[in-house]
Amino acid sequence: MPFSALPPLLTEALTERGYAAPTPVQAGVLEPEAVGRDLLVSAQTGSGKTVAFGLAMAAELLDEDGKLPQKGPLALVIAPTRELALQVSRELMWLYAKTGGRIVTCVGGMDASKERRALNHGAHIVVGTPGRLRDHLERGALDLSSLRVAVLDEADEMLDMGFREDLEQILDGTPSERRTMMFSATIPKTIAALAKRYQRDALRISTVGEDRGHGDISYQAVTCAPADIENVVVNLLRFHEAETAMLFCATRDNVRHLHAGLIERGFSAVALSGEHSQNERNAALQALRDQRARICVATDVAARGIDLPTLSLVVHVELPRDAETLQHRSGRTGRAGRKGTAILIVPYPRRRRVESMLKGARINADWINPPTLDDIREKDRERLLTTLMEEVEIDDDDRALGAKLLETKTAEDIAALLVRAHRARMPVAEELISSSKESAGAGPRSDGHREGFEDIVWFRMDIGRRQNADPRWLLPLICRRGHITKNEIGAIRISAGETMFQVPRAIAGKFSASVARTANFDGQDENAIRIEAVEGEPRQAEHRPRLTPSARPSGPAPTRHKPKTYRRTNDRAR
């Protein structure tokens, strides 16, 4: 048996929970060279690391009979968030249940006086968050003089969240001969420095290469126009109809905005961010577990430690800052052998950055277009047919009502009404700019003039091919900044350093005023793109000075190319 070297009581607990073989991280901490040593472990979320350090510290905790002695805390586990601490506590409870182990959880948002009473009654293993553990330590409720093992779970996140001072005070209050284990998705310099200070001859274990990308997660990258992102989110949710889905945003403001938009459309959704109290977080998570809500919109930190067994879809609404954040987010699904899907929504100009991130993380993602209205209708038909074809028990009342309906309507009409009722309960999917037949394409310019564009004004934008300029995302950007429709935009010429486009002279003044109102040159978003009118027919764009010198790329001058022109005739590009 793979776990045969463990104490019998722990082996029995693992067998009852269905564990047949250790995961890579569990096997790593049980190797002979790891026994009794400090450990610095790189392991991804969902890799089984909680059970791993639970098994690794057994030798220090259990006596010859496989029981825990009657004395003060022997092990301390520190986790960054309340949810993760509670999850760790639940795992250790079943693992050590047969040994008679008492586990106390100390986290923010809970009754501190009850925690102090539980500590006074005796605990073998204490699990908690840095702030609450430090508070109990300062008040004298937490005695660490008998501690044998200290575990830091998701150490990188605790440092990112500003818990360095708390961690140092807690570890300084523990015996110097303790065994210290640090588990972290990444080992940046800050973690290495912490390990050097508080560990002795630590064994470095890395299972990131084996777990990288999570084998049970299917990755997809969906490209779209920047202005289409929220509509793409709606269509992805409607296409997949996941039992539980988690949507990641970068800021609490964006969480609030997206959550409000989904609620307005009829989705059952909750939000988690730093602005929510612990009671609000508890209520949101309970709604997800009870299936009263199926969608959670969250920031990275707020989602830490959340374990939802039914979570099968993760959507990166805003791109993660790096590969580690991508994997932390995606690791909320595809856990314990279950399959999951992680989708990155990639605005056209960000594709190269995402490709580089995925390559660095050794993740193979399928690049696809967002679901269209037709795609979603087809999925709805498949789901409805599957539901209706399932074997169900029909009682007499149902049959009587069915017979009554057949007296007044045909079977075909009743079936059509059933389909209509089913669709009426579903939020309406969105038509996307990027998938519309009226979107700008990439064909050559026609020699003729489009009706309504005999008298035009050329406008210039300070982005071009070097900035991945493309009509698919430029078109909605121009519409949003200038408060016009795509029907009021003529030919588009994209050169290496800038882009030219036509607007009818009749609305050019209104367009210029709107562009000026929406500009924010100090920002980092699309509002920082400079747009201004050009007098007369533009010459080749490469021969005119750039509008913003700071935007000029460094390095050798680019090869000159003739600007591409995109001619929109009858609202289609040719």
Side-chain angles (χ1 to χ4, degrees), residues 45-46 49-50 77-94 103-112 114-115 127-132 153-154 157-158 161 163 217 233 237 240-263 266-318 325 328-336 338 340-342:
T45 303
K49 55 188 173 63
T50 302
V77 181
I78 312 174
T81 65
R82 174 184 184 274
E83 286 77 21
L84 181 57
L86 292 173
Q87 177 187 331
V88 168
S89 184
R90 289 192 295 267
E91 291 285 291
L92 296 179
M93 281 179 182
W94 67 257
I103 298 169
V104 172
T105 308
C106 303
V107 296
M110 304 294 282
D111 190 334
K114 289 183 178 180
E115 293 175 354
V127 183
T129 50
R132 180 54 63 90
D153 192 10
E154 297 202 6
E157 286 304 311
M158 286 192 281
M161 295 167 68
F163 287 130
I217 300 177
V233 171
L237 293 173
H240 289 275
E241 287 295 332
E243 191 172 357
T244 307
M246 183 164 287
L247 314 180
F248 280 100
C249 296
T251 66
R252 62 181 63 180
D253 287 339
N254 293 343
V255 166
R256 188 188 312 118
H257 174 80
L258 180 58
H259 176 250
L262 294 178
I263 293 296
F267 289 96
S268 55
V270 296
L272 290 177
S273 71
E275 70 180 4
H276 295 99
S277 67
Q278 192 60 57
N279 287 338
E280 290 173 324
R281 290 174 59 85
N282 294 343
L285 292 173
Q286 194 58 47
L288 291 167
R289 295 188 181 105
D290 295 344
Q291 291 292 289
R292 288 179 284 115
R294 296 172 55 194
I295 301 165
C296 178
V297 188
T299 56
D300 296 330
V301 172
R304 285 286 168 188
I306 294 177
D307 186 19
L308 299 170
T310 58
L311 182 63
S312 60
L313 177 65
V314 168
V315 180
H316 303 268
V317 180
E318 292 182 273
T325 304
H328 268 302
R329 289 176 171 186
S330 302
R332 304 264 67 84
T333 187
R335 309 183 73 169
R338 296 184 294 267
T341 302

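For reference, positions follow the sequence shown, starting with 1.
In terms of heavy atoms, L272 sits closest to V255 at O-CG1, 4.2 Å. Shortest non-hydrogen contact noted between A269 and I263 is O-CD1, 3.6 Å. When all heavy atoms of L285 and E83 are compared, the pair lying nearest together is CD1-CG, 3.5 Å. Residues V270 and A293 approach most closely at CG1-CB, 3.7 Å, considering heavy atoms. When every heavy atom of A85 is checked against every heavy atom of V127, the shortest pair comes out as O-CG1, 3.5 Å. The two residues M158 and D153 come nearest to each other via the heavy atoms CE-O, 3.3 Å.
E318 pairs by the side chain to side chain contact (heavy atoms under 4.5 Å, CB included) definition with C249, A250, N254, not counting sequence neighbours. For E280, the side chain to side chain contact (heavy atoms under 4.5 Å, CB included) criterion is met by H276, S277, not counting sequence neighbours. The side chain to side chain donor-acceptor pair (under 3.5 Å) check on D290 picks up Q286, R292, with sequence neighbours excluded. Not counting sequence neighbours, the partners of R132 by the side chain to side chain donor-acceptor pair (under 3.5 Å) test are E115. For T105, the side chain to side chain donor-acceptor pair (under 3.5 Å) partners two or more places apart in sequence, or in a different chain, are S89. Under the side chain to side chain donor-acceptor pair (under 3.5 Å) criterion, D253 pairs with R256, not counting sequence neighbours.
The shortest side-chain heavy-atom distance between V315 and F248 does not fall under the 4.5 Å cut-off. Side chains of V314 and L247 form no contact here, defined as non-hydrogen atoms less than 4.5 Å apart. Contact check for T81 versus Q87: no side-chain heavy atoms found under the 4.5 Å cut-off. At a threshold of 4.5 Å between non-hydrogen side-chain atoms, the residues L308 and T333 do not count as touching. Between L313 and M246, every side-chain heavy-atom pair lies at or beyond the 4.5 Å cut-off.
Looking only at distances, a side-chain donor or acceptor of R294 sits under 3.5 Å from a matching main-chain atom of E241.
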(request) Go through T244 and Q291 one step at a time and tell me if the side-chain hydrogen bond (donor to acceptor under 3.5 Å, both in side chains) criterion holds. (result) CA-CA 8 Å; T244 307; Q291 291 292 289; 3.2 Å; yes

